[in-house]
Amino acid sequence: MMKHVVCFKLTDNSPENVSRAKELILSMKGKVPTIRDISVGVDFLHSPRSYDIILEVLLDGPEVLDEYQNDPYHAGVVKKYMGEASCASVAVDVLL
């Protein structure tokens, strides 16, 4: 098993935009078959070093990471939107 974690800093981090991004990310559940579990958290502190959203995706292992990254819904809808809506992101991939 592995966990894919991404933090996003949105260009416009208004509550409406954060909520829209969160719901879009969560919409991958059931649409991206490699996802075993997904969670999304929203920052409440809003410090200068804070990111706005954290995504945690549980996958069967590193062998399906490319499949997840290239999934049409993930890459064509969610990743595209988040790339346009974010001014920065960081990722960590952890073996469990």
Side-chain angles (χ1 to χ4, degrees):
M1 296 293 277
M2 70 165 287
K3 188 177 281 191
H4 174 66
V5 180
V6 184
C7 296
F8 299 96
K9 188 177 289 264
L10 301 181
T11 304
D12 174 0
N13 67 349
S14 66
E16 298 81 21
N17 282 337
V18 171
S19 179
R20 182 180 304 123
K22 176 183 177 181
E23 292 308 312
L24 180 63
I25 294 168
L26 284 171
S27 74
M28 289 192 291
K29 187 171 188 171
K31 292 180 180 165
V32 179
T34 53
I35 293 176
R36 295 295 162 245
D37 196 18
I38 185 171
S39 64
V40 177
V42 174
D43 177 65
F44 68 90
L45 193 56
H46 306 294
S47 75
R49 63 183 236 147
S50 293
Y51 277 62
D52 301 302
I53 294 176
I54 183 170
L55 160 67
E56 294 180 288
V57 176
L58 188 64
L59 304 171
D60 284 336
E63 65 280 356
V64 298
L65 184 58
D66 281 342
E67 188 178 341
Y68 165 76
Q69 292 289 2
N70 295 305
D71 177 86
Y73 187 76
H74 172 252
V77 178
V78 178
K79 194 172 186 178
K80 181 179 180 207
Y81 177 85
M82 293 307 295
E84 294 168 355
S86 300
C87 58
S89 65
V90 294
V92 177
D93 294 294
V94 181
L95 291 174
L96 302 176

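Given the structure is predicted, the values throughout are model-derived calculations rather than measurements.
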Side-chain donor-acceptor pairs under 3.5 Å in residues 81-88, sequence neighbours left out?
| unit_1 | atom_1 | unit_2 | atom_2 | d |
| --- | --- | --- | --- | --- |
| Ser86 | OG | Met82 | O | 2.7 |

With sequence neighbours excluded, what pairs up with Asp93 under the salt bridge (Lys or Arg N to Asp or Glu O under 4.0 Å) test? none
Partner residues of [X] under the side chain to side chain donor-acceptor pair (under 3.5 Å) criterion, sequence neighbours left out:
{"X": "Lys22", "answer": "none"}
{"X": "Ser89", "answer": "none"}
{"X": "Glu63", "answer": "none"}

Check whether [X] and [Y] end up in the same hydrophobic cluster, where Ile, Leu, Val, Met, Phe, Trp and Tyr are linked by side-chain heavy atoms less than 4.5 Å apart.
{"X": "Leu59", "Y": "Leu95", "value": "yes"}
{"X": "Val40", "Y": "Val5", "value": "no"}
{"X": "Met28", "Y": "Leu26", "value": "yes"}

Test of understanding: with side chain to side chain contact (heavy atoms under 4.5 Å, CB included), list the residues that count as partners of Pro33, not counting sequence neighbours. Asp71
So, using side chain to side chain contact (heavy atoms under 4.5 Å, CB included) as the criterion, who are the partners of Asn70 when residues are at least two apart? Asp66
Interatomic spacing from NZ in Lys80 to CG in Leu24 - rounded to 0.5 Å: 11.5 Å
With rounding to the nearest 0.5 angstrom, report the NE2 to CD1 distance, His74 to Ile35. 7.5 Å
Listed pairs under 3.5 Å, donor-acceptor, residues 50-58 side chains, sequence neighbours left out:
| unit_1 | atom_1 | unit_2 | atom_2 | d |
| --- | --- | --- | --- | --- |
| Ser50 | OG | Ser47 | N | 3.1 |
| Ser50 | OG | Ser47 | OG | 2.8 |
| Asp52 | OD1 | Asn13 | ND2 | 3.2 |
| Asp52 | OD2 | Leu10 | N | 2.7 |
| Glu56 | OE1 | Ser39 | OG | 3.3 |

Can you give me the closest heavy-atom contact between Ile38 and Lys29, atom names plus distance? CG2-CB, 3.9 Å
Listing request: all ring pair (Phe, Tyr, Trp, His ring centres under 6.0 Å) pairs with a residue in residues 3-25, at least two apart in sequence or in separate chains. His4-Tyr68
Are any of the side-chain heavy atoms of Thr11 and Asn17 separated by less than 4.5 Å? no
Determine whether more than 12 heavy atoms belonging to other residues, nucleotides or ligands lie under 6.0 Å from atom NZ of Lys9. yes
With sequence neighbours left out, which residue pairs that include part of residues 34-51 fulfil the salt bridge (Lys or Arg N to Asp or Glu O under 4.0 Å) condition? Arg36-Asp60
